[in-house]
Amino acid sequence: MRVYEVAKKLNLSSGKLMKILADLGIKAKSNLSGLTAEEIKKVREFVLEKKPSPPEEKLVPRAPVVTFLGHVDHGKTSLLDAIRKTTVAQREVGGITQRIGASEVEFQGQRIVFIDTPGHEAFTAMRAHGAQITDIAVLVIAADDGVMPQTVEAINHARAAKVPIIVAINKIDKKEANVERVKKQLIRYDLMPEEWGGETICVEVSALTRQGLDELLEMILLEAEILELKANPDADLRAVVIEGEMDRQKGPLSTLLVQQGILRVGDVLVGGSIYGKVRALINWKGKNLKEAGVSTPVRVLGLSEVGRPGTVFKKVANEREARQLAEKFKEEERERSLRKKNLLTLESLFQQTEENKKRTLNIVLKAEAQGSLKAVFDVLKKLENDEVELNIIHEGVGDVSRSDILLASASKAMVLGFNVGVSPTNRALAKSENVNIREHRIIYELIDDVEKILKGLIEPKYEEITIGKAEVRNIFKIPRVGTVAGCYIVEGKVLRGSRVRVLRDGKTVGEGTIKSLRRFDQDVRELSSGLECGINIEGFKEIRKGDLIEVYERRRIGDR
């Protein structure tokens, strides 16, 4: 039986049943064909004993947002057409999707939102701009063609976005179709088919004959239930631009996906430098709506400009406020563009991983041939150590592409090229996206470069070196200055700005920094042992006669 069928009999949601199975240590995804009678008995007893958990406040279930990814001409749009019973593919120039489109279908009483993109680049570009909109990625692979370079890129882009992958093996109606070969190829990319003991749902479909479409939709709904997708319709509006276009008659049109709250005609919106009052909301079928709820894509009429994919819109009180916010954003953008954009530095790579105990360096690896690609990959993995991990998020043969740069941008990775080229256009894109491209022709130079990077990623270790000691012999209270300790330097030297710890009876009672250092009536920067001085400590005011001030500095281990 299918999971949803068992869940129905137990009066549970599929997501709840999947959680119960996981708690009981039972592995299952879409079907329960491998369960024993004893395991089923366990599940039943568990369900009867468990009390239902109280519903979460304000959060309501929402429709899943699904993106079709895959190699060009593998039938993404044709498959989507078959699902929504339209003929979009026939109208497209050369049969290739030129822009992002959004549509909705209803299946088994539930809504599913589909986004058809020009490819995985747009999918990752959205994420690179901070707009995560997709819940589930459907990887479309033609059964007669198998896994292709863009298929591999699509897998890596979906993983970078951290969304579950459902594989749709399309064109099974063709004589050349070889489903088993496709499944074997998937194993190489850690996508083990469910029927072979893995966790990847693979559905055999045909856009032409409509075979397997219902099962594909069932699997999407099952995955959505497992994800337990919810949103707050009462929260402040958040809507993300999916696509934008300039209509000759209507003016700027932007397709927005509502992520939380409700979008209504008459609302005043602002997103980046774009603002306006919503004059009309049009759904994917061309019907005018008065409002759009969560997980609803709508074309919005009334904005000042065409929205850029990934721009997040919010609702404000009036057009005056919206205009002010848009102008402020424009000014900030102008200031940012005047500043020189730095490439992704080792320091920023270090900061991005400082929460983890083990540092990670993300790499997009490109080489001129499959043999050298494997050689470089193997060498890189040997450079890992206990403190730094090398995560090669994508590897491929050929020049550094636009897709590589967008993936690196979204994943905060660097691009490492071995004997490959980078076009001026892609180099400019890398600069605008703050992506560091490192190119090498000699393997030893590449190894040396990566070793230096890894050393930079290792968290520096410091040691404290005592540089001087001063004994407190008097305390003075000076107006507008505070407490000043009259001291005698017994050892080393004392420097203004140095860190200090105050010792009393051999124990540390406070720490601070030397704010001022005086010798008689003169401010000085440094004094040596055998001299008297006045010290004012910032950060510790409870100093007493007889205390010992220990002056120290932190030095990075390895530095001279």
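Both backbone and side-chain heavy atoms feed into the values below; hydrogens, waters and symmetry mates do not.
Leu416 places a side-chain heavy atom less than 4.5 Å from the side chain of Leu380. Between Glu153 and Met148, every side-chain heavy-atom pair lies at or beyond the 4.5 Å cut-off. Pro64 places none of its side-chain heavy atoms less than 4.5 Å from the side chain of Glu223. At a threshold of 4.5 Å between non-hydrogen side-chain atoms, the residues Leu256 and Ile242 do not count as touching. When side chains are defined from C-beta on, Val300 counts as touching Leu281, because their heavy atoms get closer than 4.5 Å. Contact check for Asp214 versus Phe107: side-chain heavy atoms found under the 4.5 Å cut-off. Residues Ile220 and Leu222 fail the side-chain proximity criterion, which asks for heavy atoms closer than 4.5 Å. The side-chain heavy atoms of Phe313 and Arg238, taken from C-beta on, include no pair separated by under 4.5 Å.
Of the possible donor and acceptor atoms, one in the side chain of Asp404 sits under 3.5 Å from a partner among the backbone N and O of Ser401. Judged by distance alone, the side chain of Ser254 and the main-chain N or O of Gly307 form a donor-acceptor pair under 3.5 Å. In this structure a side-chain-to-backbone donor-acceptor pair under 3.5 Å is missing from Arg279 to Leu303. Under a 3.5 Å cut-off, the side chain of Glu384 and the backbone N or O of Leu390 do form a donor-acceptor pair. Of the possible donor and acceptor atoms, none in the side chain of Ser411 sits under 3.5 Å from a partner among the backbone N and O of Ala408. Side chain of Gln185 to backbone of Val147: a donor-acceptor contact under 3.5 angstrom is found. In this structure, Lys366 contributes its side chain and Asp399 its backbone to a donor-acceptor pair below 3.5 Å. Looking at Lys76, its side chain does come within 3.5 Å of a backbone N or O of Gly70 through a donor-acceptor pair. No donor-acceptor distance shorter than 3.5 angstrom exists from the side chain of Ser78 to the backbone of Gly75, with no hydrogens or angles considered.
Qualifying side chain to side chain donor-acceptor pair (under 3.5 Å) partners for Lys277, counting only residues two or more places apart in sequence or in other chains: none. In this structure, Asn170 has no side chain to side chain donor-acceptor pair (under 3.5 Å) partners at least two apart in sequence or on a different chain. Not a single side chain to side chain donor-acceptor pair (under 3.5 Å) links Arg159 to another residue, sequence neighbours left out. With sequence neighbours excluded, no residue forms a salt bridge (charged side-chain N to carboxylate O under 4.0 Å, His left out) with Lys184. Shown here are the salt bridge (charged side-chain N to carboxylate O under 4.0 Å, His left out) partners of Glu319, two or more places apart in sequence or in another chain: there are none. Legend: residues meeting ring-ring contact (aromatic ring centres under 6.0 Å, His included) with His74, ordered by chain and number and at least two apart, are His71. Judged as a side chain to side chain donor-acceptor pair (under 3.5 Å), and not counting sequence neighbours, Asn318 has no contacts. In this structure Arg210 satisfies the salt bridge (charged side-chain N to carboxylate O under 4.0 Å, His left out) test with no other residue, sequence neighbours excluded. For Asp145, there are no salt bridge (charged side-chain N to carboxylate O under 4.0 Å, His left out) partners at least two apart in sequence or on another chain.
With values rounded to the nearest 0.5 angstrom, Ile165 atom CD1 is found 12.5 Å from Glu199 atom CD.
Counting heavy atoms of neighbouring residues, nucleotides and ligands inside a 6.0 Å radius, atom NZ of Lys250 does not exceed 12 of them.
Heavy-atom minimum distance, Val298 versus Ala292: CG1-CB, 3.8 Å. Across every non-hydrogen atom of Gly272 and Phe329, the tightest pair is C-CD2, 3.3 Å. Closest approach of Ser304 and Ser273 over heavy atoms only: OG-O, 4.3 Å. Smallest separation of non-hydrogen atoms from Val270 and Ala322: CG2-O, 3.7 Å. The two atoms that bring Leu373 and Gly396 nearest to each other are CD1-O, 3.6 Å, heavy atoms only. Minimum interatomic distance between Val435 and Ile405 (heavy atoms only, all atoms of both residues): CG2-O, 3.7 Å.
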May I have the step-by-step check of salt bridge (Lys or Arg N to Asp or Glu O under 4.0 Å) for Glu194 and Lys183, ending in yes or no? CA-CA 10 Å; Glu194 194 183 50; Lys183 290 179 180 178; over 6 Å; no
Step-by-step side-chain contact (heavy atoms from CB on, under 4.5 Å) determination, Gln259 to Val240: CA-CA 7 Å; Gln259 292 188 309; Val240 181; 3.0 Å; yes
Identify every side-chain donor-acceptor pair in residues 260-267 under 3.5 Å, counting partners at least two apart or on other chains, and give the distances.
{"from": "Gln260", "atom 1": "NE2", "to": "Asp236", "atom 2": "O", "distance (Å)": "2.9"}
{"from": "Arg264", "atom 1": "NE", "to": "Glu291", "atom 2": "OE1", "distance (Å)": "3.3"}
{"from": "Asp267", "atom 1": "OD2", "to": "Arg264", "atom 2": "N", "distance (Å)": "2.8"}

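The salt bridge (Lys or Arg N to Asp or Glu O under 4.0 Å) contacts involving residues 59-71 comprise Arg62-Asp135, where partners must be two or more places apart or lie in separate chains. The salt bridge (Lys or Arg N to Asp or Glu O under 4.0 Å) pairs that include a residue from residues 169-182 are Asp144-Lys174, where partners are two or more places apart or lie in different chains.
A salt bridge is absent between Glu106 and Arg111: the closest approach of a Lys/Arg side-chain nitrogen to an acidic carboxylate oxygen does not fall below 4.0 angstrom. Salt-bridge formation is not detected for the pair Lys381/Asp378: no Lys NZ or Arg NE/NH1/NH2 atom is positioned less than 4.0 Å from an Asp or Glu carboxylate oxygen.
For the 3.5 Å distance criterion, the side chains of Glu433 and Ser409 qualify, holding a donor opposite an acceptor.
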